[in-house]
> 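Have a look at the structure that comes next, please.
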Amino acid sequence: MDFNALGACFTTPACVVTQATSGLIVGMLLFLVAAGLTLIFGVLKIVNFAHGTFYMLGGYVAYSAYVATDSYALAVLAGAVAMALFGVLFERVLMSRVYGSNVLMQLLVCYAVVLIFDDIVKIVWGPEFRAMGMPAAFQVPPLFIAGGVVPPFYAVLIGIAALIAIVLSLGLSRTRLGKTVRAAAVNPQMVSALGVNTTVLFAIVFAIGGGLAGLAGALAGPVRSLSPGMGFSILIEGFIVTVIGGMGSIAGAMVAALIIGLVRGFGTIGFPGFTDGLIYIVMIGILVLRPQGLFGRPL
Amino acid sequence: MKRNPALRDALFAAIVLILLLAIPMLHRSPAFEDFIIRLSAMALFATSLNLLVGTTGMVSFGHGMFYGFAAYAFGLTMQLTELSLPVAALFAVALTTIAALVVGAICVRLSTDYFAFITLAVQMLFFSVIVSWQSLTGGDQGLRGGIPRRRIFGFDLGSQLHLYQFCAIVAVLGLLALRHVSMSPFGNTLRMIRDNAERASFVGIVLWRARLLAFTIAGGFAGIGGVLAALFVSGAYPELADWPNSGQAIFAVMLGGINSFLGPVLGAMILLALNDLVQRFTEYHGLVLGIVILAFALGLRRGVLDFIHLVWSKRAR
Amino acid sequence: MNVEINHLTKSFGGVRAIDDVSLAFPSGSLSAVIGPNGAGKTTFFNLISGAFMADSGEVLLDREDILQLSKTERMRRGIGRAFQVASCFPTMTVRANLMAAVTAHAGRWTSLSHRFPSAGMRERAEEVMEFVGLTDVADVEATILSHGDQKLLDIAIALALEPKVLLLDEPTAGMGPDERWRMIERVRGLWERRKLTLIFIEHDMDIVFKVASSIRVLCYGKVLAEGTPDQIRNNQAVIDAYLGAEENAS
Amino acid sequence: MSGPVTRRTLLAGGTATLVAAPWVARAQANTLRIGMQSILSGPIALLGTSSRNSLLIEQDRINAAGGFLGRQIEFVFRDSKGQPQEAARVARELVNTAGCELLVDAEASSASFAVQEVMRDLNVACIHTNSETSSLTADPKIRVPTAFRVARQGVHDAVAGSLYLADFANAKKINKWATCSPDYAYGRDTTAQYLQFFKKFKPDVEVVTEAWPKLGQPDFTEVITKLIQAKPQALFTLLYAGDLSAFVNQGNVYALFGQMTVATPNVDYPVLAAIKNLPAGIQSATRYLETFPDTPANKEWGQAYFKRWNERPTNWSWQNSVAMHFYEAAIKKANSLDGKAIAAALTGLKINSPFGADGTITMRDDHTTIGYAIGWGQTIPKDPFITDIKPADWGKIIELETEWKKQQNYS
């Protein structure tokens, strides 16, 4: 533990800006993953243990699209759309068969999917890591704000993620579909009694969740190495965010993702080598004091 | 007249044990012996988890922490002290049981999904402590230098045969003890809680106390498995306490059947054998394992032994 | 045992489900609690048995206030209950259900020392089973029992705990006319033999007026009336409440 | 009604086969099976597969030359995923179940220690090909009679690198350094060794910050910004493979490499190729280079590898190749496959090798190799990627290694 360094960091604007941006970028990408996870849980009461796979596949699809078209925008779009479709397929073909059964049965199905797709990625893209490389448009020097470093690429990523967060929350509160989704999260029987086609609704929710995870994977493509099994650590962090924020709450996911991001950003200065442990302590504390999470409804 | 079921279980255990001990006398096969050694650790691990999952209806995602905890406690005791092996093993298991009591006291008050998550979180915290506390645990690479195998009563656990015999005896006795727990009035109490917690509390059962006791017992027995695992690899590694390992136990329980006492043992057997076998033919063992798991989950919709029971009882009727 | 309730109040999110209810049930009485849907009858039971904690008031059991005690403690003092939807342990046989209840009642529920409960406990379970007439299905899993038998099992579990006060939430719910009468005869027989303070919730007025020795009427969380069957039958407020409730429903 | 019954029968049959199979299949025929275990999945699988590639080339070459003791050889490959516990299990399985008579342990350090413990109980020769952590063979308590190491060794690299970097730092007047290495045995130990020697050669050096990312960590942003905060003049990193590539890509976003000089011993060909915008002027060791040592034999080996696999070899490739050269020579000398006999033959064995600094590599009696090529130079973004290579001085390396061993109470 190094409280001196942490204290010194908090008193210098440069350090605060730099670490806060790095916390934001980690947090925002995490939010995209966790938002889908929490949405799916909210509506279907299913914990999607295969969510990391969407993230991984999104990254790989984007990689291939980028290699083929040389356009980052197209690559990101391809990653997101492909994963939205994959989400629907996953829901229809597999998950719909285990609705209402033991949560462990659902876990088993998801785990099988994780195993299968880790190997499919190995077969299609090879076991080696892949790197997309930075698109030419972003190969520019970083900005300096108050002496802190803010890379333009990350600023754009944060912007995109924030935009999506806004669209998502507006969509949920203003549109008919969004209202149905929220109603379904509170009372599924009521929604089907009102004549909403839950089959379609569930598929849509999985499409949104999968699309968001795929988008996160694609957005991260230029800076993170792609490798089979990379969805795993993201899944765990996504879980932590979902639980801290409250299962089913999009706003909670946003707040929790930012908390995790900032704990990482500043924890690396104050508690080098133990940032992971720090995050688990936060999670345990929240679960003990407020099991439903920051924004969750009590079960 | 019905025979005494307790006696019947003991008899069954004795026969299995005698068979296991007889096999190496007739034919030495290191591969078979390795398999049984690993199975003994895994079977105790999975069956103890099932005391929570199947019997009590508490889904723990963090059971591996006790498996790993015991492995480290045992390995460190052996490396740092001159205690003899059985004493060190008992000490490690006792320590693990206490750890389970403490963790349980935090966790058991939470309901279903949240219980699963908090156990996961506590396990991950424990895992990162192991990895960070390099001076004690050796960090990522585990306890270096091996676990000394001091001889006990002419028993030398460095010898594969003796290790095999030791593991077989410990596993069979451990499973018998777990069977006893599951058939005791307390076992019945746990089933009541699983079936109908509200009603259980209305017949005078203090839910959290029963759950905590179950959690502690399960942790202790997972610890016995952890000690065997540490002996097999002659060390302790963070992976023993990591969540994929907890996942393995859950899959063993699910594959074998949560409502049959021997289900998790069968599940562990299937999982180990599948892993070994598939690895031999393809490096894409995840693909094969995944497809097999899917077939189980979507085809049988329950563990193998549970499925057999179901078919059996349908036929009987 | 004598049960006395004073000024009992419970709100859910600003709605007063039980509003200043004071009632007394003398030791050894057989009383019915009636009232239109949503009157707060089940909530009333939940407050007495400790499933919910009341906001204020008193629940006196032979003059001892048990309001602060947990449901388990209250059960130990002699309050037993059966539920509107039969509540038992579905994957266990009838015998195992009762053995479990007897063992728990004997305080042996954490016992690991012996594999099977003592002969004395076994006898208790058999006795209760016989008493409610479930001996024929002793080895059947609870989940495949008929609806009526499940209700009986629920009551039998409560009886295994040797209650002094027994709360039955609609013992005849979901049964056909013949079955109802058989059930209620059993309940009455139970009361006669055990000398319990028995309180039951019931919708079927024929049953209520025939069986209960006294009746309490709840409406919107308040006591609307109490008295003998004859007094209640002729109470204008009760008649209005029931007619009003039916109008609302249709 | 026949549905469930057939399914059950099938299942029972299947289970029986599964349970019986592991000990049914022992090695058949006369083929000599050699077990190889490595990381074949995950972010650094690249190195594991490059080890396997190299061994497959060796398998063909050795079989064409008549095999070992007249028996054709066949590799049995296993993926341990780099997990110590799985590695220990796999090592036992390779010998006990798959019937392998020789082992090539191509694990990274953490798993190699686990394999080492297994070797203690089995009388089978084993060569660790990739673990660079010195204590594996240097510490007599950990050393195992039948297990050897054919790989770079941390302490050798540390001496060579520190000497080079001390000269470089003196010339450029750089004394504020930062380190960023993976948080496990290899990263921790080797960083400590580098620093120890570095400070010996350049006493005024100051380490302003240390960062320890996890192996396979997806996001290095927090680490990178931490480094930027500390404002070092130079950064020393032991990250490798996918982690190094991600680190460089994410570092580029922050223009990290404009703010500090970078030194790393771990740049392999595929990493060089995968990093799209490789910064020029990184001080780098030669992991494997076709141009170093600049001999026909080395070039030929590198190009043969490229021809067969359509990618270039890594540091792990040559190490595994050398392991097979050592086995070949030792088995011929011992005329036996017995672990102890091979061990006796290997000890002190000197072979000709394209990867030797002077054309030979020697297996020292402490079970580790010396005399392999080590050099440092600086990167350029295109072939041959590293230029101005200065070879290390083996005399100096051994002198300082001996001193270090004494300090550690190893001898």
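The chains referred to below are lettered A, B, ... by the order of the sequence lines, with proteins before strands, and numbering in each begins at 1.
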> My understanding is that only one of B/Thr216, B/Thr97, B/Thr96 makes a side-chain contact (heavy atoms from CB on, under 4.5 Å) with B/Phe66; could you say which?
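Per the side-chain contact (heavy atoms from CB on, under 4.5 Å) rule, the option paired with B/Phe66 is B/Thr96, out of B/Thr216, B/Thr97, B/Thr96.
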> Hey, which residues of residues 251-259 of chain A are touching chain B, say heavy atoms under 4.5 Å apart?
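The stretch does not come within 4.5 Å of chain B.
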> Heavy atoms only: give me the nearest A/Phe266-A/Leu6 pair and the separation to one decimal.
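Answer, listing the atom of A/Phe266 first, then A/Leu6: O-CD1, 3.4 Å.
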> Side chain, backbone, both or neither: which part of B/Val59 has an atom under 4.5 Å from a heavy atom of chain A?
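It is the side chain, since no backbone atom gets that close.
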> Heavy atoms only, distances under 4.5 angstrom: which of B/Ala297, B/Cys107, B/Gly290 has the most pairs with chain A? Name it, please.
B/Gly290
> Looking at chain B, which one of A/Leu94, A/Leu107, A/Ile279, A/Ile236 has the largest number of heavy-atom pairs inside 4.5 Å, strictly under?
A/Ile236
> Does A/Ser227 offer a backbone N or O that forms a donor-acceptor pair with the side chain of A/Tyr60 under 3.5 Å?
yes
> B/Ile291 versus chain A, heavy atoms under 4.5 Å apart: side chain, backbone, both or neither?
both
> Side chain, backbone, both or neither: which part of B/Arg109 has a heavy atom under 4.5 Å from chain A?
neither
> If we check side-chain contact (heavy atoms from CB on, under 4.5 Å) with A/His51, which of these qualifies: A/Leu235, A/Thr242, A/Leu212, A/Val114?
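Looking at A/Leu235, A/Thr242, A/Leu212, A/Val114, the match for A/His51 under the side-chain contact (heavy atoms from CB on, under 4.5 Å) is A/Leu235.
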> Might you point out which heavy atoms bring B/Leu240 and B/Asn245 nearest each other, and give the distance in Å?
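The pair with the smallest heavy-atom distance is O-ND2, 2.8 Å.
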> Of all heavy-atom pairs between B/Ser128 and A/Gly277, which one has the smallest distance, and what is that distance?
OG-CA, 3.4 Å
> Select one option (side chain, backbone, both, neither) describing which atoms of B/Phe115 are under 4.5 Å from chain A's heavy atoms.
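For B/Phe115, there is no contact with chain A at all, as no heavy atom is under 4.5 Å.
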> Could you tell me whether a side-chain N or O of B/Ser201 sits under 3.5 Å from a main-chain N or O of B/Glu198, the two making a donor and an acceptor?
yes
> What residue in B/Ile258, B/Leu120, B/Val253, B/Val122 has the most heavy-atom pairs under 4.5 Å with chain A?
B/Val122
> Can you tell me which portion of B/Ile250 sits under 4.5 Å from chain A's heavy atoms? Options are side chain, backbone, both or neither.
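Only the side chain of B/Ile250 comes within 4.5 Å of chain A.
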> Locate the shortest heavy-atom distance separating A/Met247 from A/Val47; write the atom from each residue and the value.
CE-CG2, 4.2 Å
> How about A/Phe86 and A/Phe117: are their ring centres within less than 6.0 Å of each other?
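Under 6.0 Å, so yes.
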> Give me the atom names and distance for the closest heavy-atom approach of A/Gln106 to A/Tyr99.
NE2-CA, 4.4 Å
> Can you give me the closest heavy-atom contact between A/Thr38 and A/Gly246, atom names plus distance?
OG1-O, 3.6 Å
> Using non-hydrogen atoms and a 4.5 Å limit, figure out which bit of A/Val109 sits close to chain B: side chain, backbone, both or neither.
both
> Which atoms of B/Leu298 are under 4.5 Å from chain A, going by heavy atoms: the side chain, the backbone, both sets, or neither?
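The side chain, not the backbone.
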